Amino acid sequence: MPELPEVESARTVIERAALDRTIIDVDDSDSYECRPHPPGAIRAALVGRRLTVAHRRGKSMWCDTSALAPSGEPGPALGIHLGMSGKIVIANPDGEEIDGGDYWERGRPRGDYRYSRFALSFDDGGALMLVDPRRLGRVRLDPPVEALGPDALTITPGGFRAVMARGTIPVKARLLDQDKIAGVGNLLADQALWLAKVSPSRPVGELSPAEINRLHRALRRTLGAAVAGGGVHTLSIIPFRKAGARCPRDDAEMRRGTVGGRTTWWCAREQA
DNA sequence: TATAGTGTTATCGG
DNA sequence: ACCGATAACACTAT
């Protein structure tokens with residue numbers, strides 16, 4: 001399920017395979033996925049335009065759209081969030097199907113579009129779909145991406161220190177706050193905290209400068225490992241997030257709890 | 001069969 | 001203002 005690395009991969013798929021194709025139809029009939037737009041609103045805004053650039057910040061993607069005529073104004077940005085179960089699928093007129101989630105989740109039978117919640121049809125006969133069984137993703141025009149914090153992949157040490165500077169909130173909850181730092185999900189957070197040997201429930205304001213530095217370096221390493229390995233499911237702590245598991249570094253018990261509203265696993269000794 | 005879950009948003013209560 | 005808890009979304013995996 002998508003965190004920053006998976007979303008970046010989806011963005012790349014759009015960039016490679018969906019830009020500069022003229023949109024002739026839009027299925028925006030799922031009013032929950034497309035909230036707050038009523039059915040037809042996204043369609044009316046996009047038909048006749050092309051996606052021109054694919055952006056990402058944290059787990060949010062958005063595409064710039066072209067003007068309807070050479071002298072016209074560009075269209076609104078098309079924002080796509082994958083939620084917990086979404087992926088981009090592109091079907092091409094020659095029968096080729098590009099599944100932007102193939103590398104991180106079990107395959108979906110070719111041509112199974114049961115869970116397509118939003119789709120763009122192109123004038124060449126192809127289509128881009130948001131396939132999202134749980135319907136936790138969303139599609140909207142001009143998404144408020146400026147509310148997001150700096151991207152977790154490019155945040156500077158100074159920026160990271162500022163994010164972790166104040167408050168009594170548990171450090172993991174702060175890592176998951178997309179308005180403070182964008183892109184860290186539950187698994188990336190558990191892995192980075194484990195690598196840095198920092199307890200997920202420590203109040204951020206009590207972290208030492210050394211701990212904050214360690215955590216930032218751990219986060220960078222974690223993001224690099226997830227991108228290189230092919231998704232957050234390849235992170236090294238994942239097999240140990242289960243009952244009875246022991247920490248692969250010191251063999252202490254792995255503990256389970258809820259931090260920031262999410263299931264959290266940590267080493268009872270090193271992350272005390 | 002029952003339960004948990006890799007995400008976000010809104011809302012309520014302290 | 002800050003923070004925790006809950007619900008909503010609807011399906012898969014164990």
Side-chain angles (χ1 to χ4, degrees), chain A residues 1-10 30-37 56-62 79-87 100-101 103-109 112-118 130-140 143-145 147-149 152 163-194 200-206 219 222-223 225-227 229-245 256-265:
Chain A
M1 297 178 190
E3 298 191 36
L4 187 153
E6 287 80 5
V7 178
E8 175 57 19
S9 173
D30 188 321
S31 60
Y32 187 77
E33 203 87 358
C34 296
R35 67 197 182 281
H37 306 293
R56 181 194 59 77
R57 181 150 158 194
K59 304 175 205 172
S60 293
M61 290 184 283
W62 68 100
I80 300 177
H81 197 292
L82 299 177
M84 208 183 267
S85 66
K87 58 183 181 176
Y103 74 103
W104 57 262
E105 70 158 27
R106 202 193 327 165
R108 167 191 49 83
D112 178 358
Y113 305 137
R114 268 182 302 167
Y115 301 124
S116 175
R117 310 298 191 183
F118 175 83
L130 172 60
V131 173
D132 180 17
R134 290 184 65 181
R135 264 175 112 212
L136 297 169
R138 75 187 303 180
V139 177
R140 59 166 301 180
V145 291
L148 293 168
V163 166
M164 297 298 157
R166 274 170 297 278
T168 58
I169 195 170
V171 57
K172 179 175 175 181
R174 178 61 54 81
L175 282 172
L176 295 176
D177 184 343
Q178 304 299 304
D179 293 350
K180 300 290 193 300
I181 174 171
V184 182
N186 201 26
L187 297 185
L188 286 171
D190 272 9
Q191 174 81 29
L193 288 161
W194 176 76
S201 51
R202 284 279 300 286
V204 274
E206 293 178 9
L219 178 59
T222 298
L223 285 164
V227 169
V232 294
H233 66 290
T234 65
L235 293 172
S236 65
I237 202 63
I238 302 304
F240 304 96
R241 295 176 86 259
K242 63 180 183 189
R256 177 191 193 277
T258 299
V259 181
R262 310 304 305 276
T263 296
T264 302
W265 290 86

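Chain letters run A, B, ... following the sequence lines, proteins first and then strands; every chain starts at 1. Values below: every heavy atom of this structure, side chains too, minus hydrogens, waters and symmetry copies. Note that the structure is predicted; figures quoted are calculated from it, not measured.
Between A:His81 and B:dT8 there is a side-chain N or O to OP1 or OP2 distance below 4.0 Å. Distances shorter than 4.0 Å separate none of the side-chain N or O atoms of A:Arg134 from OP1 or OP2 on C:dT12. For A:Arg138, no side-chain nitrogen or oxygen approaches OP1 or OP2 of B:dT8 to under 4.0 Å. One finds no side-chain N or O of A:Thr263 lying less than 4.0 angstrom from the OP1 or OP2 phosphate oxygen of B:dA4. Phosphate contact (OP1/OP2 of C:dC3, side-chain N/O of A:Arg174, threshold under 4.0 Å): present. Here A:Gln178 does not reach the OP1 or OP2 of B:dG7: none of its side-chain N or O atoms lies under 4.0 Å away. Neither OP1 nor OP2 of C:dC11 sits under 4.0 Å from any side-chain N or O of A:Ser85.
Look at CH2 on A:Trp265: it is 12 Å from P on B:dA4, rounded to the nearest Å. We find that CG of A:Asp132 is positioned 16 Å from P of B:dT6, with the value rounded to whole Å. Remark: P of C:dA13 and CZ of A:Arg241 are 17 Å apart, rounded to the nearest angstrom. Straight-line distance from the CG atom of A:Asp177 to the P atom of C:dA1: 15 Å, rounded to whole Å. In this structure, A:Ile169 atom CD1 and C:dA1 atom P are separated by 15 Å, rounded to whole Å.
Here, B:dT6 and C:dC3 have their C1' atoms 24 Å apart, quoted to the whole Å. Rounded to a whole angstrom, the distance from the P atom of B:dT1 to that of C:dC9 is 24 Å.
Annotation: side chain of A:His81 is not in contact with side chain of A:Val7 (no heavy-atom distance under 4.5 Å).
Taking the side chain of A:Tyr32 as heavy atoms from C-beta on, and the options C:dC2, B:dT6, C:dC9, the nearest nucleotide is C:dC9. The side chain of A:Asn186 has B:dT6 as its nearest neighbour among C:dC11, C:dC9, B:dT6.
Taking for each of A:Arg35 and A:Tyr115 the nucleotide of DNA chain C with the nearest heavy atom, the 5'-most of the two is the partner of A:Arg35.
With A:Arg117 contributing its side chain and A:Asp132 its backbone, the two residues share a donor-acceptor pair below 3.5 Å. Between the side chain of A:Gln178 and the backbone N or O of A:Gly149, no donor-acceptor pair lies under 3.5 Å.
In this structure, A:Arg256 reaches the sugar-phosphate backbone alone: every heavy-atom distance under 4.0 Å involves primed, P, OP1 or OP2 atoms, never a base.
Interatomic distance, A:Arg262 CZ to A:Lys172 NZ, rounded to the nearest 0.5 Å: 7.0 Å.
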Could you walk me through whether A:Val227 and A:Glu8 pass the side chain to side chain contact (heavy atoms under 4.5 Å, CB included) test, one step at a time?
-> CA-CA 9 Å; A:Val227 169; A:Glu8 175 57 19; over 6 Å; no
In dot-bracket notation, what is the pairing pattern of DNA chain B, taking Watson-Crick (N1-N3 plus N6-O4 or O6-N4) and G-U wobble (N1-O2 and O6-N3) contacts under 3.5 Å, with [ ] crossing and | for other strands?
-> .||||.||||||||
